[in-house]
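Both ligands and their constituent atoms are indexed starting at 1 by order of listing. All values derive from a computational prediction rather than experimental measurement. Start at 1 with the first residue, then count along the sequence.
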Amino acid sequence: MKLLLQHLILWSLGLSILLACTTKSKEPNHVPINSTHSPLLNVRSQTIQQAIPIGLQKLIAAYPEQNFKASSTALIWMDGDTMPYRDSTPNKDFEMLLNHPDLEDQFIMPYPKGIDFPIPSRNSDPGRVRVEAFFLKMYGQTKEAVRKNLVEIDFLGTSLLVTKINSIDKKLIHIAKKLAQYPELKKYVENVGGTFNWRKIAGTNRLSTHSFGMTIDINVKYSNYWRWAVQDKTEDGKRPIVYKNRIPLKIVQIFEENGFIWGGKWYHYDTMHFEYRPELLIE
Ligand SMILES: [Zn+2]
């Protein structure tokens, strides 16, 4: 009888552990909280803070000039506009993620920061899931609205039009200064392929991030793009794309240190492409 009781206890313990594991929420982690307020205030602010999902906390931290605020379910813009963090569609496939993402989905593929990264596995495109409305609201709703925020900068001898939103102009000037310290990198970053260009992504209905003036293509001559590697220019869903890159990783490191992600870390690679996405570089 005693043995049977022991078995029963062990069994129910195992079941509760199993249940605890399988019912784990979609997003268990939260940014740690530091507070020096009174205990009462501390408890209250902890409750509020912990209710804000990690992705929203990252957006707030990554874009200080936007003065974002958040609730447990939405991003709150400076002008009071809100954007939902989650929509009601569960288990989106790759195409759904690209075409109908929510703000939470923007973080669904972790971006591997640094020079030590794996060859991207099939459909691993960290950063290509973008809520278009988020970027339109931040950089301008139309070509003309974006244009109003553009300034001309000198980037290692090339004159570029880039947005001054989020101080991206200053960040690119700083990046150019850093790159200039490495003469061996010059050929990759001179003759810049382009920055501002209000257009759709080739083969899609989605706006390219070049539309927002926060993206730069470095020298096309030394770059690789997945579509160039696919014979019929479409992805048939069967043939794997063979990864190629000739861009030195020192360049990637300098851009990442200043808030830009690199298209060379995508399965659908685009090794000339750097876009300002500091929310994906925050740890
Ligand atoms: Zn590009």
Side-chain angles (χ1 to χ4, degrees), residues 98-99 101 106 109 111-113 117 120 123-132 134-136 138-140 143 146-147 149-153 155-156 158-163 165-166 168-169 171-173 175-176 179 185 187-230 233-235 241 243-281:
L98 292 183
N99 292 308
Q106 260 185 205
M109 300 176 202
Y111 180 85
K113 187 179 174 182
F117 63 94
N123 287 348
S124 173
D125 290 348
R128 282 188 74 224
V129 176
R130 311 175 184 98
V131 176
E132 202 166 275
F134 173 82
F135 297 98
L136 285 167
M138 191 141 63
Y139 296 107
K143 184 178 177 179
V146 173
R147 207 187 275 280
N149 296 312
L150 299 182
V151 289
E152 204 174 316
I153 62 160
F155 192 87
L156 300 151
T158 313
S159 174
L160 299 179
L161 271 180
V162 297
T163 186
I165 307 273
N166 297 323
I168 288 171
D169 55 334
K171 286 177 177 123
L172 282 167
I173 290 167
I175 289 169
L179 291 169
L185 301 181
K187 66 175 183 179
Y188 299 96
V189 290
E190 62 184 4
N191 300 323
V192 169
T195 51
F196 172 64
N197 186 358
W198 185 272
R199 64 168 170 82
K200 298 273 168 74
I201 301 168
T204 80
N205 229 343
R206 304 186 305 271
L207 274 175
S208 154
T209 56
H210 286 279
S211 308
F212 309 123
M214 50 68 137
T215 297
I216 178 170
D217 284 345
I218 57 172
N219 198 342
V220 182
K221 193 175 161 189
Y222 299 100
S223 299
N224 293 90
Y225 180 45
W226 72 274
R227 281 187 187 276
W228 300 341
V230 177
K233 308 284 177 195
T234 61
E235 197 199 355
I241 300 166
Y243 183 77
K244 285 190 192 119
N245 172 47
R246 288 170 287 161
I247 302 296
L249 296 180
K250 184 73 201 168
I251 296 176
V252 176
Q253 193 181 20
I254 291 170
F255 271 97
E256 284 183 355
E257 280 166 3
N258 291 281
F260 287 76
I261 61 162
W262 178 47
K265 290 184 178 177
W266 299 338
Y267 176 70
H268 297 93
Y269 56 84
D270 183 358
T271 70
M272 70 195 98
H273 182 98
F274 292 89
E275 71 180 69
Y276 189 69
R277 299 294 298 286
E279 73 273 28
L280 297 177
L281 294 162

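Of the listed residues (Asn149, Thr163, Asn166), just one forms a side-chain hydrogen bond (donor to acceptor under 3.5 Å, both in side chains) with Tyr139, and that residue is Asn166. Across Leu172, Ile168, Ile216, a single residue satisfies side chain to side chain contact (heavy atoms under 4.5 Å, CB included) together with Thr195, and that is Ile216.
Judged purely by atom type and a 3.5 angstrom limit, Tyr111 has no side-chain atom pairing as donor or acceptor with the backbone of Glu279. The closest donor-acceptor contact from the side chain of Trp262 to the backbone of Thr271 lies under 3.5 Å.
Asp125 pairs by the salt bridge (Lys or Arg N to Asp or Glu O under 4.0 Å) definition with Arg128, not counting sequence neighbours.
Protein contacts to the Zn ion (ligand 1) involving N, O or S atoms at a distance below 2.8 Å are His210 NE2, Asp217 OD1, His273 ND1.
Annotation for Thr215 and Glu275: closest pair OG1-CB, 3.3 Å, computed over non-hydrogen atoms.
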